[in-house]
Amino acid sequence: MYLFGLIIPLLSFLLQVWPRLINRYFGIDTWRHLLFADYVRKYHKIPTILEEQYIRSSGNPGYPPVIYLILSIFPKKFVERYQFIFAPIFDAIQNYCIFWFAYLITNDLFSSIAAQIITALTPIAVIEASNLSTRTLSYLIFSLSFFPLILFTTTHMLIWLSIAFIMLIVLFLTHKFAIQAYLFSAFGLSVVEKNPFYLLFFLITFVFMYICLGKIYRPILKEHLSILSFWIKNITYRFIHQFRGEQKSKEVSDFVHKLYLLSFKNPYIYILGNNPWVGIFFIFTIISFMQKFQIESAIVNQHILSKLHIWVYVSVIVAILTLSIKRLRFLGDGNRYLEYGILPISIILGSYVPSFTHTYGTLFIASAIFLLLALVISIIYIQIKVVLKDRMRTITPELWDCIAYLNEFGKKARVAVFPLQFGDALTYFIKGKVLTTYNNAGLANLSDIYPVVEIPIDELIKKFDLNFILFDENHVALSELDITKCSIVKNADGYILLRV
């Protein structure tokens, strides 16, 4: 029976992977993950400092190690060539877990498969899995902790508490933002149910991490607090242009940047665009509350159903607050909190499907098919815009040409890049050093150019003894750099490499 649960994850994997078969070298954090994984292969330990690739080192990376420990298991050439399959695999496992969890509480195959389909056609999850993302892995581990925690509170079976505890430990070592989402979810359930258990569970696990696994976790915590502190002070610069300052949407060419600007202008539309199922969930909730007609859920245990609803409410409320209130945006991109509510939304909506099918028959089936086709088309459209037509996060043939040229200078190459998104790819692929950073502490080294350029580029060249500058004309013009003495050594498709 559980073999049926493998069908949707396989189809979901194919939906997520197809654009990456065309654009194979897409992503930002991807190359940093691979760099850390290579460090583990070479030195057989978690990196505590990185000096070879960076013009200025900045101490312990403070990066959660689970993702790059997984990658280090595989040969370097394999992960370089096939880095794009890992996030879809993590998401496929999440999808199968949702099938298993849904069947556990509904005992209904139809509901479980429906929950999987909803998960597979959640736009934000599909796009997140388009590159090697730690976040995709983190919401799998989040689900494997938080859902068992809910099961423990309703069944009192210690096996669920043990699973929740172990997976929360893993989550602390996987993704910093996910820990914030977990804290808010635990706090929300504790407040609504007037039961401090969820919050105490989180705090006890945190203390365990700090004391028993402090050597690994304390640098991660320090980095996490440093990131929050940095954005508290600099949130007004969150999406500002390095050279041109604040820009309107019509002045921005990057599709992803345009979406971020929309998130502040109209957070509600942005949330629905990220996960349309949120809108359907609230429509059903309002109709049910008004008792216009009875919506029967296949989830028999009303306590579990209630907790899943609270989980969704907390995810959406935190998303809206962090998008709407400027002073709260230091807590991260608000839409990201929705990713940690995919499981409860999918299971709840999936549990309604048998009842709607029985009651409305052909009308419901036809409406559902239309909705699913619309979502598939919308997702493919976004994939084309975000992945296939991307420029800011892709290593194009022209950039490969620049990388090959820089490698002719070996370790003597000292490069500044604009925009900084190119930095991680260069640190991984070139033999020289790059003016970028691998942690938040290193932003102090970049204060002259990030979030905005504060000094003349000529002064930057002298300060860091640079001999190359690589930039994208779509991001900044040569005239804006205003360099006194330089020569163009590569110029193709708007990518310019300067010898300075």
Side-chain angles (χ1 to χ4, degrees), residues 29 32-51 57-73 86 90 132-149 152 161-187 190 196-232 318 330-332 336-337 339-340 437-444:
D29 294 341
R32 193 183 308 173
H33 299 330
L34 266 59
L35 183 68
F36 289 175
D38 198 40
Y39 184 99
V40 173
R41 289 191 206 95
K42 287 180 179 178
Y43 302 106
H44 307 289
K45 64 178 182 178
I46 293 173
T48 53
I49 191 169
L50 295 169
E51 296 178 305
S57 180
S58 50
N60 194 308
Y63 201 90
V66 170
I67 183 68
Y68 60 80
L69 289 177
I70 292 173
L71 295 173
S72 69
I73 297 171
F86 287 93
F90 298 147
L132 180 51
S133 169
T134 313
R135 191 172 280 108
T136 303
L137 175 61
S138 75
Y139 60 69
L140 163 63
I141 296 170
F142 185 107
S143 299
L144 290 174
S145 176
F146 208 74
F147 191 81
L149 186 65
F152 169 75
L161 182 63
S162 300
I163 293 172
F165 179 69
I166 292 170
M167 297 314 296
L168 181 53
I169 288 174
V170 177
L171 189 65
F172 270 103
L173 301 175
T174 301
H175 199 264
K176 297 183 285 288
F177 184 91
I179 292 301
Q180 291 177 198
Y182 202 104
L183 174 60
F184 289 137
S185 299
F187 178 79
S190 290
F197 168 75
Y198 305 96
L199 192 55
L200 286 174
F201 173 79
F202 176 88
L203 294 174
I204 289 170
T205 310
F206 170 79
V207 171
F208 174 86
M209 292 296 302
Y210 193 85
I211 295 175
C212 300
L213 295 174
K215 186 176 180 180
I216 300 175
Y217 179 63
R218 286 174 194 169
I220 298 172
L221 176 62
K222 181 181 178 181
E223 174 70 3
H224 192 170
L225 296 176
S226 175
I227 292 171
L228 294 176
S229 175
F230 178 85
W231 287 116
I232 287 174
V318 174
F330 75 93
L331 292 170
R336 302 300 185 186
Y337 289 100
E339 295 180 55
Y340 301 97
T437 182
Y438 52 83
N439 61 7
N440 196 72
L443 290 178

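If you're wondering where the values come from, they're calculated on a predicted model, not measured in any experiment.
- A heavy-atom distance below 4.5 Å is not found between the side chains of Phe177 and His224.
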Test log, rule side-chain contact (heavy atoms from CB on, under 4.5 Å), inputs Ile67 and Asp29: CA-CA 11 Å; Ile67 183 68; Asp29 294 341; over 6 Å; no
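- Using a 4.5 Å heavy-atom threshold, the side chains of Pro65 and Ile46 count as touching.
- Contact between His175 and Ser138 at its shortest, heavy atoms only, is CB-CB, 3.4 Å.
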Could you walk me through whether Phe146 and Leu171 pass the side-chain contact (heavy atoms from CB on, under 4.5 Å) check? CA-CA 11 Å; Phe146 208 74; Leu171 189 65; over 6 Å; no
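- Looking at heavy atoms from C-beta onward, Asn60 lies out of side-chain contact with Ile49 at the 4.5 angstrom threshold.
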Worked verdict on Leu132 versus Leu34 for side-chain contact (heavy atoms from CB on, under 4.5 Å): CA-CA 10 Å; Leu132 180 51; Leu34 266 59; 3.5 Å; yes
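- Remark: the backbone N or O of Ser226 is paired with a side-chain donor or acceptor of Asn440 at under 3.5 angstrom.
- Annotation: side chain of Ile179 is in contact with side chain of Phe202 (closest heavy-atom distance under 4.5 Å).
- Gln180 approaches Leu228 most closely through the heavy-atom pair OE1-CD2, 3.4 Å.
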Name every donor-acceptor pair, under 3.5 Å, that has one atom in a side chain of residues 207-221 and the other anywhere in the protein, sequence neighbours excluded.
{"from": "Arg218", "atom 1": "NE", "to": "Tyr210", "atom 2": "O", "distance (Å)": "3.1"}
{"from": "Arg218", "atom 1": "NH2", "to": "Tyr210", "atom 2": "O", "distance (Å)": "3.0"}

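- Between Ser143 and Pro148 the shortest heavy-atom distance is O-CD, 3.4 Å.
- The shortest non-hydrogen separation linking Pro47 to Tyr39 is CA-CE2, 3.3 Å.
- The side-chain heavy atoms of Phe36 and Leu50, taken from C-beta on, include a pair separated by under 4.5 Å.
- Listed for the Ser190 side chain is a donor-acceptor partner under 3.5 Å among the backbone atoms of Ala186.
- Considering all non-hydrogen atoms of both residues, His33 and Leu71 come closest at CB-CD1, 3.7 Å.
- Take Tyr63 and apply the side chain to side chain donor-acceptor pair (under 3.5 Å) test, not counting sequence neighbours, and it matches Thr134.
- At most 12 heavy atoms of other shown residues, nucleotides or ligands fall within 6.0 angstrom of atom CZ in Phe187.
- The distance from the CZ atom of Phe201 to the CG atom of Leu149 is 5.0 Å, given to the nearest 0.5 Å.
- Remark: Arg32 is not positioned above the aromatic ring of Tyr438, lacking an NZ or CZ atom under 6.0 angstrom from the ring centre and at most 45 degrees off the axis.
- Atom OG1 of residue Thr136 and atom CD1 of residue Ile141 lie 11.0 Å apart, to the nearest 0.5 angstrom.
- Within the 4.5 Å cutoff, the side chain of Ile227 has heavy atoms near those of the Glu223 side chain.
- You'll find the side chain of Pro64 reaches within 4.5 Å of the side chain of Lys176, heavy atoms only.
- Residues Phe165 and Phe152 place their aromatic rings such that the two centres sit no closer than 6.0 Å.
- Nearest heavy-atom pair across Ala37 and Ser72 is O-CB, 3.6 Å.
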List the steps, then state whether side-chain contact (heavy atoms from CB on, under 4.5 Å) holds for Phe206 with Phe172. CA-CA 8 Å; Phe206 170 79; Phe172 270 103; 4.0 Å; yes
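- Note: Tyr340 and Phe142 have tilted aromatic rings, judged against thresholds of 30 and 60 degrees for the angle between ring planes.
- Counting heavy atoms from C-beta on, the side chains of Leu199 and Leu183 come closer than 4.5 Å.
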